[in-house]
Visitor: 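Encoded as C-alpha cells, here's the structure I'll be asking about.
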Number of protein chains: 2
Amino acid sequence: MSTQTTIIDSSQLPLKMLILDAARKLFAEHGYAQVSMRKLATTIGYSPTTIYHHFKDKKELFLCLTEETYRDFLHAINEILSVSKSPRDALKNILHTFVTMGLENPNAYRVGFMMETDLWKVRDSQFEHNPLGKTMYDRINSCVKKCMLPGSTDEDILVTSNSIIAATHGLTALLVTYPNFEWGPVHKLKKQVIDSAVDSIV
Amino acid sequence: MSTQTTIIDSSQLPLKMLILDAARKLFAEHGYAQVSMRKLATTIGYSPTTIYHHFKDKKELFLCLTEETYRDFLHAINEILSVSKSPRDALKNILHTFVTMGLENPNAYRVGFMMETDLWKVRDSQFEHNPLGKTMYDRINSCVKKCMLPGSTDEDILVTSNSIIAATHGLTALLVTYPNFEWGPVHKLKKQVIDSAVDSIV
DNA sequence: ATCCTCGCTTAACAGTGTTAAGCTGGGGAT
DNA sequence: ATCCCCAGCTTAACACTGTTAAGCGAGGAT
C-alpha cells in the first residue's frame, strides 16, 4: 500500500467528471426520466456498469447534479447580497434571479425543486442530503428577517419567508410545467408576484 | 349490426370503471411512476393486455384521472362562487380550497398540476386535452376581473390573475414536494400567501 | 354443426435500473 | 524475465417496465 498522496480529489477524477458532464448535458436536454443509464453509458463510450463504479445508483448521480444546481443558485445569491444596498432590494433581486435561473434551465429546476423523491420525505433529516440547499434557504430567511420589524417572532419570520419563497417558486414551477401557455409577459409576472409578496412584509 | 341503443355510456362500462377505481386508488397511494400496468392488472385480476383494450396507453389512463381531479376542483369552485358575497371573498375562498384539496390528495395534485408531460408542450392546443382545466382557469380569471377596477386592460387582468394563481400553486407545490420540512403552520402560510396576492389587487 | 365475434390471455419485443462474475493489461515483487 | 496481483472495465444476467401481435375459447346466430 503506497502513501496516499492524493492531490486530485475524487470528485475530479477524469471519468467521474466525464460522466457528470455528459449526465448534466443529457439531463438538461431531455429531463431526468428520459435519460437512461445505458444511454448515458453509450454517449461516454463505456459500459453501463462503469457508471455504477462511480455512483451508487441513478439517484446518487442525480443528487450530484442537484448539488451543482444549488451551488449555482447559492453563488448568485451571495453575489447579490454583496452588492445590494438594502435587504429589501437584495431580496427582490434574489427572487428575480431565482425565477430567471429556473427558466434558463428548466430541467435542472425540475430535478432540484420539483421532483418526487423519497429523500425529502425523511422526517429527521430535513437538509441532511442537501446542505447547500439549506444554506440557500437560510440566506433568504435572514434576508427576510432584515426586512421585518425588529420585534417579529421566529414564527412570523418563518411564515413570511416561506410565503415569499412559495410565491416565487410557484411562478417558476408554473412556467416550467406549462411553458407554452399564454401566461403573459414574464417580466411583468415576475414583478407582480415578487412585489406582492415582498411588499406585504410589515 | 344491431341498432345502437346504448344507454350506458362507455365510460361507465363495469370493467373500465373497475380499472379506473383501482388506478385512482393506486395512483393516490403510490404516485404515477410507482404504479405499473402489470401491478394494476393483477390488483383487478386481469391480464395487463386487458387494460389496453380500454385505454390507449398509460398516459391516457392518467389523463382520465387528471380529468377527475379537474372536475373535483371545478365543482368546489362552482360551489364557492354560488354562495359567496363579494368576488374578493369568493377568490380567497377558492384559493384556500385549492391548497386544501391539493394537500388532501398530493399525488393527484402532482399528476394534475406538476407533471412533466409533452401534452402541455404543444403550442396551439393550450387546453385541447384539458377543457375542464380551462373552465377552472376561466372561473378564477373572471373572478379576479371582478375584483379589479373596471378600466383594467386585458393584459393587466391576465397578469394579475396568473400571478395569484402562481403564488397559490407555489405553496401547494412546495408542501407537496417537501411534506416533512418545517414550513410553519399551514393555515398561516395559506393566509399570508393568499392575502398578499389578493390584497395587492388595485 | 358451423361460423363468427367478443373478451380475454399468452408470449413476446424492446427497453429500464442494477449487479454478480469474469476478463485483461500494466506495474510491482521476486 | 517471470510471476502475480489488482484496478478498471465488460459481459451477461435478473427482475422489472410499457406495449402489442397473435391466439384461444365460450356463447350466440345461422
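What you see below is based on every heavy atom in this structure, not just the backbone, and it leaves out hydrogens, waters and symmetry mates. Letters go in sequence order (proteins before strands), and every chain restarts at 1. Just so we're clear, the structure is a prediction, and the values are computed from it rather than from any experiment.
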Visitor: Quick one: list whatever passes ring pair (Phe, Tyr, Trp, His ring centres under 6.0 Å) with B:Phe55, sequence neighbours left out.
Guide: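 Expected list: none.
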Visitor: Round to the nearest Å and state the distance from B:Asp57 atom CG to D:dT17 atom P.
Guide: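 Distance, rounded to whole Å: 17 Å.
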Visitor: Could you name each residue pair satisfying salt bridge (charged side-chain N to carboxylate O under 4.0 Å, His left out) that touches residues 187-198 of chain B, not counting sequence neighbours?
Guide: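 For residues 187-198 of chain B: A:Glu155-B:Lys188, B:Lys92-B:Asp195, B:Lys191-B:Asp195.
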Visitor: Who passes side chain to side chain contact (heavy atoms under 4.5 Å, CB included) against B:Arg88, sequence neighbours left out?
Guide: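 B:Arg88 satisfies side chain to side chain contact (heavy atoms under 4.5 Å, CB included) with B:Ser86, B:Cys147, B:Val198, B:Asp199, B:Ile201 only.
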Visitor: Would you mind reporting whether A:Ile51 and A:Tyr46 have side-chain heavy atoms less than 4.5 Å apart?
Guide: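 A:Tyr46 does not reach A:Ile51 side chain to side chain.
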Visitor: In whole angstrom, what separates B:Phe55's CZ from D:dG18's C1'?
Guide: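 In whole Å, D:dG18 C1' lies 16 Å from B:Phe55 CZ.
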Visitor: Restricting to pairs with a member in residues 183-202 of chain A, which pass ring-ring contact (aromatic ring centres under 6.0 Å, His included), not counting sequence neighbours?
Guide: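 Output for this query lists A:Phe181-A:Trp183.
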Visitor: Could you check which of D:dG18, D:dC9, D:dT10 has an atom nearest any side-chain atom of A:Leu15?
Guide: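 From the listed options, D:dC9 comes nearest.
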Visitor: List in numerical order all residues of residues 30-48 of chain A for which some heavy atom is under 4.0 Å away from an atom belonging to DNA chain D.
Guide: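 Heavy-atom cutoff 4.0 Å gives A:Arg38, A:Tyr46, A:Ser47.
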Visitor: Tell me the interatomic distance from B:His54, atom NE2, to D:dG18, atom C1', rounded to whole angstroms.
Guide: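 Rounded to the whole Å, the gap is 18 Å.
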Visitor: Angle, rounded to 10°, between the helical axes spanning five pairs at each terminus of the helix from C:dA1-D:dT30 to C:dT30-D:dA1?
Guide: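 Taking the rotation axis at each end, their angle is 40°.
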Visitor: Answer yes or no: is there a side-chain heavy-atom contact under 4.5 Å between A:Leu15 and A:Thr50?
Guide: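 Yes; the side chains approach each other to less than 4.5 Å.
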Visitor: Could you tell me the separation between the CZ atom of B:Phe62 and the C1' atom of D:dG18, rounded to a whole number of Å?
Guide: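 Distance, rounded to whole Å: 15 Å.
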Visitor: List in chain and number order the residues that pass ring pair (Phe, Tyr, Trp, His ring centres under 6.0 Å) with B:Phe113, two or more places apart in sequence or in another chain; answer none if no residue qualifies.
Guide: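 Here the qualifying residues are B:Tyr70, B:Phe73, B:Phe98, B:Tyr109.
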Visitor: Taking any atom closer than 4.0 angstrom to a non-hydrogen atom of chain B, what span of DNA chain C does the protein reach, first nucleotide to last?
Guide: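 Footprint of chain B along DNA chain C, 5' to 3': C:dC8 to C:dA12.
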Visitor: Does B:Thr49 or A:Tyr52 map to a spot on DNA chain C nearer the 5' end, using the closest nucleotide for each?
Guide: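 Looking at the nearest nucleotide for each, B:Thr49 comes out on the 5' side.
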Visitor: With sequence neighbours left out, write down each residue that passes side chain to side chain contact (heavy atoms under 4.5 Å, CB included) with B:Lys145, or none if nothing qualifies.
Guide: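 In terms of side chain to side chain contact (heavy atoms under 4.5 Å, CB included), with neighbours along the sequence ignored, B:Lys145 is linked to B:Ile157.
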Visitor: Got a sec, which residues hit side chain to side chain contact (heavy atoms under 4.5 Å, CB included) with B:His30, two or more places apart in sequence or on another chain?
Guide: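 Testing B:His30 for side chain to side chain contact (heavy atoms under 4.5 Å, CB included), a comparison that skips the adjacent residues, returns B:Leu26, B:Gln34, B:Val35.
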Visitor: Does anything in residues 17-27 of chain B pair up under side chain to side chain donor-acceptor pair (under 3.5 Å), and if so which pairs, sequence neighbours excluded?
Guide: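 Only B:Asp21-B:Arg24, B:Arg24-B:Glu68 qualify under side chain to side chain donor-acceptor pair (under 3.5 Å).
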Visitor: A:Ser196: what forms a side chain to side chain contact (heavy atoms under 4.5 Å, CB included) with it, not counting sequence neighbours?
Guide: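 Only A:Gln192, B:Ser200 meet the side chain to side chain contact (heavy atoms under 4.5 Å, CB included) criterion with A:Ser196.
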